[in-house]
Amino acid sequence: MKIAIEGCMHGDLDNVYATLQHLERVENTKIDLLICCGDFQAVRNENDLNSLNVKPKYRNMMSFWKYYSGQVIAPFPTLFVGGNHEASNYLWELYYGGWAAPNIFFMGLAGVVKFGGIRIGGLSGIYNARHYSLGHYERVPYNESDIRSVYHVREYDVYKLMQIEDLIDIFISHDWPLAITEYGNKEELVRQKPYFRDEISKGKLGSLAAAKLLDKLKPTYWFSAHLHCKFPAVVQHSEDGPITKFLALDKCLPGRKFLQVIEIGTHPGPYEIKYDEEWLAITRKFNYLFPLTRQPFQLGDQEPGMQTHREWVRNKLEIRGAKPFEFVQTVPSYYPSQPIITGPVGDFRNPQTEQFLNFLELPYLLDGTLTQMESPGQLNLPDDQASDDGEDAAMDDVDEIEELAGPEPNNANG
């Protein structure tokens with residue numbers, strides 16, 4: 001099986017797919033799967049742009065809408081996680097994962113799927129200590145603070161991933177695990193990106209949550225993006241323990257290192273994306289803890305053991321099968337020849353999510369509303385959690401950092 005890994009998509013699906021199709025022709029090979037490590041920008045129409053946290057000059061429709069509308073079908077099965085430049089309103093509809101467009105599958109804010117016997121895990125968003133312990137309190141339409149915090153990783157989602165016991169072959173995150181630079185050529189990295197030096201020296205470059213997952217899951221491969229450069233590393237987990245091969249990739253631009261193809265041995269195809277039994281059991285067991293307010297996540301009393309949930313899920317999968325529910329459009333697609341689309345603003349119940357929850361016999365909670373006492377104006381938060389304004393918020397956006405830093409040393413070759 002040949003898997004293509006792509007860094008930050010930034011909505012440029014056409015060019016990424018065209019590059020891979022060219023590679024197939026030139027090298028007489030076949031790509032079985034494309035994995036994107038975030039900033040996918042699944043923007044369906046102009047309304048979605050209002051939930052995309054980018055400067056106005058970057059707020060463009062790009063090409064995802066063609067695939068969402070069915071005008072073009074993705075030439076390869078595509079998996080992606082969310083980053084910090086996303087149509088967050090749409091990804092929230094698919095919190096548990098699902099088809100963002102035909103043949104394009106979103107991993108959810110956290111998730112595990114199977115592809116031809118390969119187990120792939122993913123974590124969306126980026127780490128920010130201010131919001132890590134809080135619930136998913138943001139609701140559409142997002143204010144100036146929530147449009148940033150909505151993509152910050154939450155402890156609840158990481159906690160669920162920490163329950164995984166079975167081997168993960170590939171893990172995907174948008175930002176890098178904290179201190180991963182200690183396992184690669186950080187001197188060369190700093191030469192390419194001089195403004196990383198201070199964060200590396202202070203031990204702040206990367207995600208603490210991702211580092212915890214790397215230490216717990218020990219996947220064979222870990223792929224990331226976010227920092228707009230290629231960076232390989234090899235993590236030996238103990239003296240005789242397993243090895244994780246880490247690779248970060250750049251964004252899709254000419255001359256940049258945004259693609260890598262790996263080959264993994266597995267059974268002959270055809271391959272397709274399927275639900276993962278263990279992850280469904282974890283989702284079912286811990287859904288009752290789903291935090292939807294600004295209150296810190298609390299574990300609470302334990303439900304029945306995981307084996308009970310796995311047996312229940314296994315029986316359900318034997319009856320229904322493990323293929324995800326079918327893609328459904330929930331809003332009109334953008335078309336260049338038509339007037340700008342305006343419509344209702346708010347949370348939409350995606351039929352895929354409803355079917356998924358019905359299958360697991362779980363309640364639909366995503367459109368839960370904040371009580372008055374939990375609203376941003378009423379809740380007394382610590383000073384360091386009351387606002388996104390500050391150094392950490394600024395560091396969310398690598399595009400802005402690059403603009404401030406000016407031209408980089410030439411690293412576009414290869």
Side-chain angles (χ1 to χ4, degrees), residues 5-8 10 37-39 81-85 123-132 148 151-153 155 158 171-219 221-238 241 243-251 253 255-258 260 384 388-414:
I5 317 299
E6 196 272 336
C8 297
H10 288 292
C37 302
D39 283 358
V81 294
N84 56 307
H85 297 305
L123 176 67
S124 291
I126 62 173
Y127 179 78
N128 187 306
R130 285 187 174 90
H131 301 102
Y132 182 62
R148 294 193 297 271
Y151 53 71
H152 289 159
V153 170
E155 185 178 10
V158 174
F171 198 89
I172 323 162
S173 65
H174 186 57
D175 51 357
W176 304 9
L178 183 67
I180 193 67
T181 52
E182 299 303 310
Y183 299 91
N185 190 341
K186 65 180 177 182
E187 291 78 16
E188 173 63 18
L189 175 64
V190 169
R191 188 189 70 80
Q192 296 180 31
K193 304 278 187 177
Y195 44 89
F196 288 175
R197 184 185 304 277
D198 187 53
E199 281 193 278
I200 292 174
S201 65
K202 293 179 179 178
K204 292 183 176 181
L205 186 74
S207 164
L208 177 61
K212 290 179 178 179
L213 288 168
L214 174 62
D215 183 61
K216 169 62 166 63
L217 302 179
K218 301 176 177 60
Y221 296 92
W222 187 300
F223 300 110
S224 300
H226 189 46
L227 298 183
H228 297 168
C229 62
K230 184 175 183 179
F231 180 77
V234 177
V235 180
Q236 176 81 52
H237 289 282
S238 60
I243 290 174
T244 295
K245 296 178 181 180
F246 172 83
L247 180 65
L249 291 165
D250 207 334
K251 59 182 174 180
L253 284 175
R256 303 287 280 268
K257 299 175 182 179
F258 65 91
Q260 182 80 33
D384 65 344
D388 277 327
D389 298 329
E391 181 181 357
D392 288 348
M395 296 302 288
D396 284 358
D397 196 336
V398 178
D399 290 295
E400 291 187 16
I401 297 171
E402 290 175 345
E403 285 183 8
L404 292 171
E408 298 177 13
N410 183 14
N411 66 331
N413 296 326

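I172 and C37 make their closest contact through CG2-SG, 3.7 Å (heavy atoms, listed as atom of the first residue, atom of the second, distance). Contact between V235 and Y183 at its shortest, heavy atoms only, is CG2-CG, 3.8 Å. Heavy-atom minimum distance, L178 versus G203: CD1-O, 3.3 Å. Summarising the geometry of K186 relative to I200, their closest heavy-atom pair is CD-CG2, 4.2 Å, with the distance given to 0.1 Å. Smallest separation of non-hydrogen atoms from P177 and A210: CA-CB, 3.7 Å. Residues T244 and Y221 approach most closely at CG2-C, 4.2 Å, considering heavy atoms.
At a threshold of 4.5 Å between non-hydrogen side-chain atoms, the residues F223 and F246 do not count as touching. In this structure, F258 and C8 have side chains that are not in contact, with every pair of non-hydrogen atoms separated by 4.5 Å or more.
Applying the side chain to side chain donor-acceptor pair (under 3.5 Å) rule to E155 yields no partners; only residues at least two apart in sequence or on another chain are considered. Under the side chain to side chain donor-acceptor pair (under 3.5 Å) criterion, W176 pairs with no residue, sequence neighbours left out.
Side-chain N or O atoms of D39 include one that pairs as donor or acceptor with a backbone N or O of N84 at under 3.5 Å. A distance-only check finds a donor-acceptor pair linking the side chain of Q236 to the backbone of G241 [under 3.5 Å]. Of the possible polar contacts, one joining the D175 side chain to the Y127 backbone as a donor-acceptor pair under 3.5 Å is found.
Distance CG/L247 to CD1/I5: 8.0 Å, rounded to 0.5 Å. Atoms CG and NZ, from L227 and K251 in turn, are 11.5 Å apart once rounded to the nearest 0.5 Å. Here NE2 of H237 is found 8.5 Å from CD1 of I243. Values are rounded to the nearest 0.5 Å. A distance of 13.0 Å separates NE2 in H226 from CG in D250, rounded to the nearest 0.5 Å. Annotation: the span from I180 atom CD1 to E182 atom CD amounts to 9.5 Å, rounded to 0.5 Å. In this structure, CZ on F171 lies 4.5 Å from CH2 on W222, to the nearest 0.5 angstrom.
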Point to revise | H174 and S224: CA distance, side-chain angles, deciding distance, side chain to side chain donor-acceptor pair (under 3.5 Å) verdict | key: CA-CA 5 Å; H174 186 57; S224 300; over 6 Å; no
Exercise for review: Under the side chain to side chain donor-acceptor pair (under 3.5 Å) rule, what do K230 and Q260 come out as? Steps first, then yes or no, please.
Suggested key: CA-CA 10 Å; K230 184 175 183 179; Q260 182 80 33; 3.1 Å; yes
**Study point:** Step-by-step salt bridge (Lys or Arg N to Asp or Glu O under 4.0 Å) determination, R191 to E187
**Key:** CA-CA 6 Å; R191 188 189 70 80; E187 291 78 16; over 6 Å; no
Point to revise | Trace of the side-chain contact (heavy atoms from CB on, under 4.5 Å) decision for F196 with T181 | key: CA-CA 11 Å; F196 288 175; T181 52; over 6 Å; no
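Between H10 and H228, the two ring planes are perpendicular [angle over 60°; tilted spans 30° to 60°].
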Contacts table for residues 211-219: side-chain donor-acceptor under 3.5 angstrom, sequence neighbours left out:
unit_1, atom_1, unit_2, atom_2, d
K216, NZ, M162, O, 3.3
K216, NZ, I164, O, 2.6
K218, NZ, D215, O, 2.5

